[in-house]
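Input: a single structure, listed below in structure tokens.
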2 protein chains.
Amino acid sequence: MSLTRTRARRATINDVADAAGLSRGTVSRVVNGEKYVSEEARQAVEEAIARVGYVRNSAARNLVTQESKAIGLIIHEPHSLLFEDPNIGSILLGANEVLSKADYQLVSLIIDSDRDSRRVADYLRGGLVDGAVIISARASDPIAAAVADIGLPAAFVGHPDGNPDLPYAAIDNVEAARSITSRLLDTGRQRVGMIASALDRDSGQDRLAGFRAAMGERFDPQMVVEYPLYTYAAGLEGMQELLRRAPGIDGVFAASDAVAAGAMTALQEAGRRVPEDVGIVGFDDSSWALRCRPQLSTVRQPADLLGSTAAELVLAQLKGQPSQPRVLETAIMWRGSA
Amino acid sequence: MSLTRTRARRATINDVADAAGLSRGTVSRVVNGEKYVSEEARQAVEEAIARVGYVRNSAARNLVTQESKAIGLIIHEPHSLLFEDPNIGSILLGANEVLSKADYQLVSLIIDSDRDSRRVADYLRGGLVDGAVIISARASDPIAAAVADIGLPAAFVGHPDGNPDLPYAAIDNVEAARSITSRLLDTGRQRVGMIASALDRDSGQDRLAGFRAAMGERFDPQMVVEYPLYTYAAGLEGMQELLRRAPGIDGVFAASDAVAAGAMTALQEAGRRVPEDVGIVGFDDSSWALRCRPQLSTVRQPADLLGSTAAELVLAQLKGQPSQPRVLETAIMWRGSA
DNA sequence: GATGGTTCTGTGAACGTTCCCAGAATGACG
DNA sequence: CGTCATTCTGGGAACGTTCACAGAACCATC
């Protein structure tokens with residue numbers, strides 16, 4: 001079997017007009033569902049469209065209307081997180097739902113190299129999208145700067161420092177982390193540590209800050225280990241390191257559920273019982289949480305809402321409305337792990 | 001803080017030409033890096049571009065060149081799988097790498113509703129992409145039909161039945177499933193069952209067929225439970241059901257690693273030791289496999305290669321080369337779970 | 001100094017739409 | 001039967017590029 005596909009010359013609106021014995025203008029009106037076209041003409045055009053196999057050329061349309069009805073979603077994640085972090089999928093789906101209802105097409109653009117970064121910037125600049133949602137930006141992200149530079153309506157998911165003054169949808173990571181750490185302390189834990197991650201991101205920084213705030217005077221830098229990514233592997237190694245540093249540890253705040261899952265495995269392999277010997281709490285309430293045994297006590301963050309809210313912020317700008325940053329509520333899900 | 005962003009009228013190539021005291025044509029040549037432009041002119045143009053803040057309008061360019069330098073990747077997954085299946089991320093990244101090198105932009109389009117389906121079809125038809133990679137198509141997928149209908153160069157990841165005659169990048173699921181099941185039987189297991197999933201997909205069907213082939217006369221329909229999705233939850237419930245049906249079960253083939261992970265949890269909660277009492281094998285060799293305790297024996301499928309190969313198949317068609325379906329190698333990773 | 005090849009620049013035409021305006025046809029009303 | 005509004009249709013202009021071609025300028029060669 002050999003498959004070679006060639007694209008035939010595509011029928012244009014003029015071909016349809018000729019076939020229907022009507023004019024360009026009328027065909028355009030039918031295609032766009034405008035009023036002021038007779039039933040007779042409508043049928044003739046529709047029949048002609050089917051006959052010549054017409055499909056509208058979006059480039060031509062975008063050129064004259066000066067809009068694309070598409071919104072870009074920029075995924076700028078380190079390689080491995082695209083597989084591990086269930087939040088990304090939720091954000092994507094949340095954004096898609098809102099945009100879909102507003103008849104916008106969501107186009108996701110991955111940045112995985114410097115070359116991607118340049119190409120995506122060109123794509124955004126070129127007018128192929130009317131706006132952008134930027135997820136997982138780091139501090140001073142070059143793409144965010146490019147977006148602001150061209151004045152493209154945009155919104156962040158999260159609230160990274162050092163970035164241009166764009167609206168964002170975020171949660172209060174500091175407060176949420178402070179809160180769940182306090183709750184962990186309230187169970188009577190005496191020696192509590194943290195596995196911190198992603199300190200190049202606002203979420204990573206803020207969760208550490210919240211932990212520190214909750215610990216107050218009891219905060220001990222030695223009881224914090226740091227890893228670059230929110231991964232299971234970080235949790236596994238981080239917990240082993242904490243056990244080495246402080247064998248008497250009896251509580252752990254993991255910076256994400258994936259990290260907590262890794263930590264739980266490490267504890268169990270080390271013969272510690274959860275939660276009897278060591279209490280452990282996570283962050284995200286992602287699919288990891290219910291998968292752990294015991295199930296994870298964690299902070300619920302509404303990932304899908306973050307996506308949909310960011311999308312709404314972009315749509316608002318498109319309508320010329322002012323759009324305010326929005327901070328969404330989190331909740332503590334207390335389960336069996338602490 | 002109130003952020004309202006409005007887009008100013010964008011500078012065109014003519015504005016640059018005026019500012020540089022040169023013509024449209026020369027500016028175009030500079031922008032596209034063509035030869036036959038004097039050093040003097042080049043500098044004048046570049047300076048003018050910076051001064052007026054020019055960025056090329058892609059719609060106009062696409063219109064005249066009749067190409068977009070973009071490839072669509074269509075993700076048509078049930079909601080939950082976007083979060084659970086690490087293969088999707090690998091496929092995405094694999095495709096992105098190949099396309100990026102060829103200077104194509106990968107744009108991912110999610111289909112999560114019928115409305116999405118129509119909009120995405122319009123997007124593909126409109127000339128906004130030069131080709132498409134379709135992942136996770138079900139039998140007789142409407143999008144696949146639409147793609148074939150307009151003659152858009154395209155390729156599948158996987159090889160679903162009842163779809164148009166497009167090239168694909170796939171693995172031999174039947175043979176791989178047969179092979180790992182045989183290997184499981186070789187460890188001396190007497191009562192072996194399967195947790196089958198996604199029977200609406202070629203992969204799901206084929207893995208079941210491979211299991212059946214390996215079991216031969218020992219195949220017992222009662223020892224197969226079926227679930228719609230490759231999820232942890234399916235594994236959890238499926239294993240419980242199998243234990244109910246056949247308490248003496250001593251081997252399980254789970255249709256994916258996520259399913260196997262769920263099954264392992266169910267077994268351990270039921271007090272069965274893995275692999276002593278029950279041997280368990282999975283499929284994918286995704287990040288789940290190393291995360292299980294004991295680690296999972298499974299079939300390694302090169303998800304990133306599937307993505308990059310499918311991308312190559314599309315690029316080949318774009319160059320007018322014939323493109324043949326490609327079946328990639330799998331390997332058995334034998335670890336501790338069986 | 002004529003010839004011929006480079007190198008460089010300017011411009012008309014085309015890509016396929018939508019938008020807008022002009023005008024035709026139709027119908028309602030006095 | 002004239003007037004005016006409403007409904008419908010056609011076609012010129014514009015969107016911002018690239019492409020092909022023509023011609024100018026320059027240099028080398030005979």
Side-chain angles (χ1 to χ4, degrees), chain A residues 7-46 48-49 52-70 122-123 125-130 150, chain B residues 7-46 48-49 52-70 122-123 125-130 150:
Chain A
R7 228 178 323 178
R9 190 186 89 78
R10 294 171 48 153
T12 75
I13 203 172
N14 286 311
D15 298 333
V16 177
D18 291 350
L22 287 160
S23 76
R24 226 176 1 142
T26 303
V27 175
S28 177
R29 276 182 285 266
V30 171
V31 169
N32 292 305
E34 286 170 26
K35 46 189 264 184
Y36 295 146
V37 30
S38 66
E39 189 49 37
E40 192 189 345
R42 185 180 308 281
Q43 284 182 11
V45 168
E46 276 165 0
I49 285 176
V52 304
Y54 169 73
V55 295
R56 170 161 68 199
N57 181 314
S58 300
R61 167 171 237 245
N62 293 352
L63 177 58
V64 52
T65 59
Q66 301 280 64
E67 61 170 16
S68 65
K69 287 296 216 170
D122 283 349
Y123 194 90
R125 273 199 283 259
L128 262 20
V129 296
D130 296 339
I150 52 171
Chain B
R7 228 179 321 182
R9 190 186 90 77
R10 295 171 48 153
T12 73
I13 204 172
N14 286 310
D15 298 334
V16 177
D18 291 350
L22 288 160
S23 77
R24 225 176 359 143
T26 304
V27 176
S28 178
R29 277 182 283 265
V30 171
V31 169
N32 293 304
E34 287 169 26
K35 48 189 263 188
Y36 294 147
V37 30
S38 66
E39 190 49 37
E40 192 189 346
R42 185 180 308 280
Q43 283 183 10
V45 168
E46 276 164 1
I49 285 176
V52 304
Y54 169 74
V55 294
R56 171 162 66 196
N57 181 313
S58 299
R61 168 171 235 246
N62 292 352
L63 177 58
V64 51
T65 60
Q66 301 279 62
E67 61 169 15
S68 64
K69 288 296 216 170
D122 282 350
Y123 194 90
R125 273 199 283 260
L128 263 19
V129 295
D130 295 339
I150 52 172

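Since the structure is predicted, the reported quantities are computational estimates derived from the model, not experimental observations.
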Inset, instruction - Answer with yes or no whether the side chains of A:Asn62 and A:Ser68 bring together a donor and an acceptor at under 3.5 Å. - result: no
Legend entry - A:Asn32 side chain to A:Arg56 side chain, donor-acceptor N/O pair below 3.5 angstrom: yes
What's the [atom1]-[atom2] distance between [X] and [N], to the nearest Å?
X	N	atom1	atom2	result
B:Lys35	C:dC8	NZ	P	9 Å
B:Ile13	C:dG10	CD1	C1'	13 Å
A:Glu34	C:dT18	CD	P	8 Å
B:Arg125	C:dT17	CZ	P	14 Å
A:Glu67	D:dG16	CD	P	14 Å
B:Leu22	C:dC8	CG	C1'	11 Å
A:Asn62	C:dC15	CG	P	19 Å
A:Arg29	C:dC20	CZ	P	12 Å

Would you please confirm or rule out a distance under 4.0 Å between OP1 or OP2 of [N] and any side-chain N or O of [X]?
X	N	value
B:Thr12	D:dG16	no
A:Arg24	D:dG11	no
B:Thr26	C:dG10	yes
B:Tyr36	C:dC8	no
A:Tyr54	C:dT17	yes
A:Ser28	C:dT18	yes

Ignoring the backbone of [X], work out which of [options] is nearest its side chain.
X	options	result
A:Ser23	C:dT17, D:dT9, C:dT9	D:dT9
A:Ser38	D:dG12, D:dT9, D:dT17	D:dT9
A:Gln66	D:dT9, C:dG16, D:dC15	D:dC15
A:Leu63	D:dC8, C:dT9, D:dG16	D:dG16
B:Thr65	D:dC19, D:dC8, C:dG12	D:dC19

NA contact type, [X], heavy-atom cut-off 4.0 Å: base, sugar-phosphate, or nothing?
X	answer
B:Asn32	sugar-phosphate
B:Ala59	nothing
A:Val55	sugar-phosphate
B:Val27	nothing

Legend entry - 5' precedence on DNA chain C between B:Ala60 and B:Gly25 (nearest-nucleotide basis): B:Gly25
Inset, instruction - Would you indicate whether B:Glu34, at its atom CD, is surrounded by more than 12 heavy atoms from other residues, nucleotides or ligands within a distance under 6.0 Å? - result: yes
Inset, instruction - Starting at CG of B:Asp15, measure out to CZ of B:Arg10 and round the result to the nearest 0.5 Å. - result: 11.5 Å
Inset, instruction - List the atom of A:Ala20, the atom of A:Ala44, and the distance in Å for their closest heavy-atom pair. - result: CB-O, 3.8 Å
Legend entry - Most 5' of B:Asn14 and A:Ala41 on DNA chain D, judged by nearest nucleotide: A:Ala41
Inset, instruction - Please answer whether the main-chain N or O of A:Leu22 pairs with a side-chain N or O of A:Thr26 as donor and acceptor at a distance below 3.5 Å. - result: no
Inset, instruction - Kindly indicate whether the side chain of A:Arg56 and the base of C:dT17 share any N or O donor-acceptor pair separated by less than 3.5 Å? - result: no
